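Please read the structure below before turning to the comments.
Numbering of residues begins at 1 and proceeds along the displayed sequence. Everything numeric in this text was worked out from a predicted model, so none of it was measured.
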Amino acid sequence: MLSKKTKYAIKALVALGKNVEKPPMQISKIAEEEHIPKKFLEQILLDLRNAGFLYSKKGAGGGYSLNKKPEEIFLVQVMRITDGPIAMVPCASLNFYHKCDECTDEVTCGIRSAFIDVRDATLKVLAETSIADVIAREDKLKMLV
């Protein structure tokens with residue numbers, strides 16, 4: 001399941017992606033528009049800034065803006081920054097691998113094999129979906145309503 005931290009990070013990046021040609025957005029405005037607790041959002045934006053996705057400006061006219069184009073920020077990157085591993089079991093993780101305590105033989109473990117397939121399918125979608133794609137999906141869905 002997607003954590004609130006990751007969901008809020010994506011929502012904030014989408015809001016900033018829609019605001020790309022405008023002055024930086026203040027945290028309070030993002031929090032209000034996206035229904036995100038302000039204190040939680042502050043930490044999320046700090047993590048995203050430290051990862052190089054955001055630029056922050058202090059003072060009058062300050063706030064946050066994207067440091068990369070929305071087309072260059074992919075969901076897989078956001079998830080790894082906010083939650084770490086993509087895989088549902090630690091033995092199937094590419095970047096955060098840990099052997100399962102109860103496992104006797106990873107090579108013949110059917111559970112691990114199945115969840116490697118799940119990881120790979122998930123990674124494909126997340127690695128190919130950018131913030132710009134999420135914005136485009138929202139726009140398309142709004143037209144259908």
Side-chain angles (χ1 to χ4, degrees), residues 1-22 24-57 62-145:
M1 186 178 300
L2 194 63
S3 72
K4 283 196 183 258
K5 185 175 184 180
T6 298
K7 186 174 184 179
Y8 291 163
I10 294 168
K11 288 178 72 151
L13 288 167
V14 166
L16 291 167
K18 291 176 180 177
N19 196 61
V20 85
E21 298 295 326
K22 299 175 185 169
M25 288 183 77
Q26 294 182 342
I27 292 174
S28 56
K29 183 174 181 180
I30 298 169
E32 182 181 326
E33 287 181 3
E34 300 302 323
H35 309 286
I36 303 171
K38 187 179 173 195
K39 285 288 183 191
F40 196 23
L41 181 60
E42 287 173 355
Q43 181 57 51
I44 292 167
L45 294 178
L46 183 62
D47 290 344
L48 293 170
R49 189 195 73 188
N50 290 341
F53 292 110
L54 300 180
Y55 169 78
S56 63
K57 180 180 176 188
Y64 281 90
S65 57
L66 293 181
N67 200 31
K68 295 183 175 195
K69 295 177 185 175
E71 297 83 8
E72 297 173 344
I73 302 172
F74 293 90
L75 296 182
V76 70
Q77 298 167 310
V78 178
M79 286 187 72
R80 284 190 172 135
I81 290 164
T82 55
D83 278 341
I86 303 298
M88 297 174 79
V89 291
C91 63
S93 181
L94 289 172
N95 298 327
F96 301 91
Y97 169 84
H98 289 319
K99 186 178 186 308
C100 294
D101 294 335
E102 65 282 352
C103 190
T104 56
D105 184 11
E106 281 187 349
V107 175
T108 60
C109 180
I111 295 170
R112 180 175 189 261
S113 177
F115 280 92
I116 285 174
D117 291 346
V118 170
R119 176 207 66 203
D120 291 346
T122 302
L123 274 175
K124 181 176 179 1
V125 173
L126 295 174
E128 293 175 356
T129 306
S130 69
I131 295 300
D133 294 326
V134 174
I135 293 168
R137 284 176 182 236
E138 282 186 6
D139 292 343
K140 185 178 179 181
L141 290 168
K142 286 177 185 173
M143 292 177 68
L144 298 174
V145 177

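You'll find the side chain of Phe53 reaches within 4.5 Å of the side chain of Lys68, heavy atoms only. Inter-residue side-chain proximity for Ile36 and Lys7 is flagged as unmet; no heavy-atom pair is nearer than 4.5 Å. Here the side chains of Leu13 and Val134 are not in contact, with every heavy-atom distance at 4.5 Å or above. When side chains are defined from C-beta on, Leu123 counts as touching Leu94, because their heavy atoms get closer than 4.5 Å. A heavy-atom distance below 4.5 Å is not found between the side chains of Pro24 and Tyr64. No side-chain heavy atom of Glu34 sits under 4.5 Å from any side-chain heavy atom of Tyr8. Within the 4.5 Å cutoff, no side-chain heavy atoms of Val89 are placed close to those of Arg112.
The distance from atom CG of Leu54 to atom CG of Leu46, rounded to the nearest 0.5 Å, is 9.5 Å. In this structure, the separation between CE on Met25 and CG on Leu45 is 10.0 Å, given to the nearest 0.5 Å. We find the CD1-CD1 distance between Ile44 and Ile27 to be 10.5 Å, quoted to the nearest 0.5 Å. From Ile73, atom CD1 reaches atom OG1 of Thr129 across 13.5 Å, with rounding to the nearest 0.5 Å. To the nearest 0.5 Å, atoms CZ (Arg137) and CD1 (Ile135) are separated by 12.5 Å. Rounded to the nearest 0.5 angstrom, Arg119 CZ and Ile86 CD1 are separated by 10.5 Å.
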For this session: List the steps, then state whether side-chain contact (heavy atoms from CB on, under 4.5 Å) holds for Ile30 with Asn19.
Result: CA-CA 11 Å; Ile30 298 169; Asn19 196 61; over 6 Å; no
Problem set entry | Glu42 vs Lys39, side-chain contact (heavy atoms from CB on, under 4.5 Å): CA-CA, chis, key distance, verdict | CA-CA 5 Å; Glu42 287 173 355; Lys39 285 288 183 191; 3.6 Å; yes
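Under the side chain to side chain contact (heavy atoms under 4.5 Å, CB included) rule, Cys103 has a single partner from Cys109, Cys91, Pro90, which is Cys109.
Considering all non-hydrogen atoms of both residues, Thr82 and Ala9 come closest at CG2-CB, 3.7 Å. The shortest non-hydrogen separation linking Met79 to Leu126 is SD-CD1, 3.3 Å. In terms of heavy atoms, Ala127 sits closest to Val76 at CA-CG1, 3.7 Å. The two residues Gly52 and Asn67 come nearest to each other via the heavy atoms O-ND2, 3.3 Å. The two atoms that bring Ala31 and Leu41 nearest to each other are N-CD2, 3.5 Å, heavy atoms only. The nearest pair of heavy atoms linking Ser93 to Pro85 is OG-CB, 3.8 Å.
Counting heavy atoms of neighbouring residues, nucleotides and ligands inside a 6.0 Å radius, atom CD of Glu32 does not exceed 12 of them. Environment of NZ in Lys11: crowded, with over 12 heavy atoms of neighbouring residues, nucleotides or ligands closer than 6.0 Å. Within 6.0 Å of NZ on Lys140 lie no more than 12 heavy atoms contributed by other residues, nucleotides or ligands. Heavy-atom contacts from other residues, nucleotides or ligands closer than 6.0 Å to CD of Gln26 number 12 or fewer.
The side chain to side chain donor-acceptor pair (under 3.5 Å) check on Gln43 picks up Asp47, with sequence neighbours excluded.
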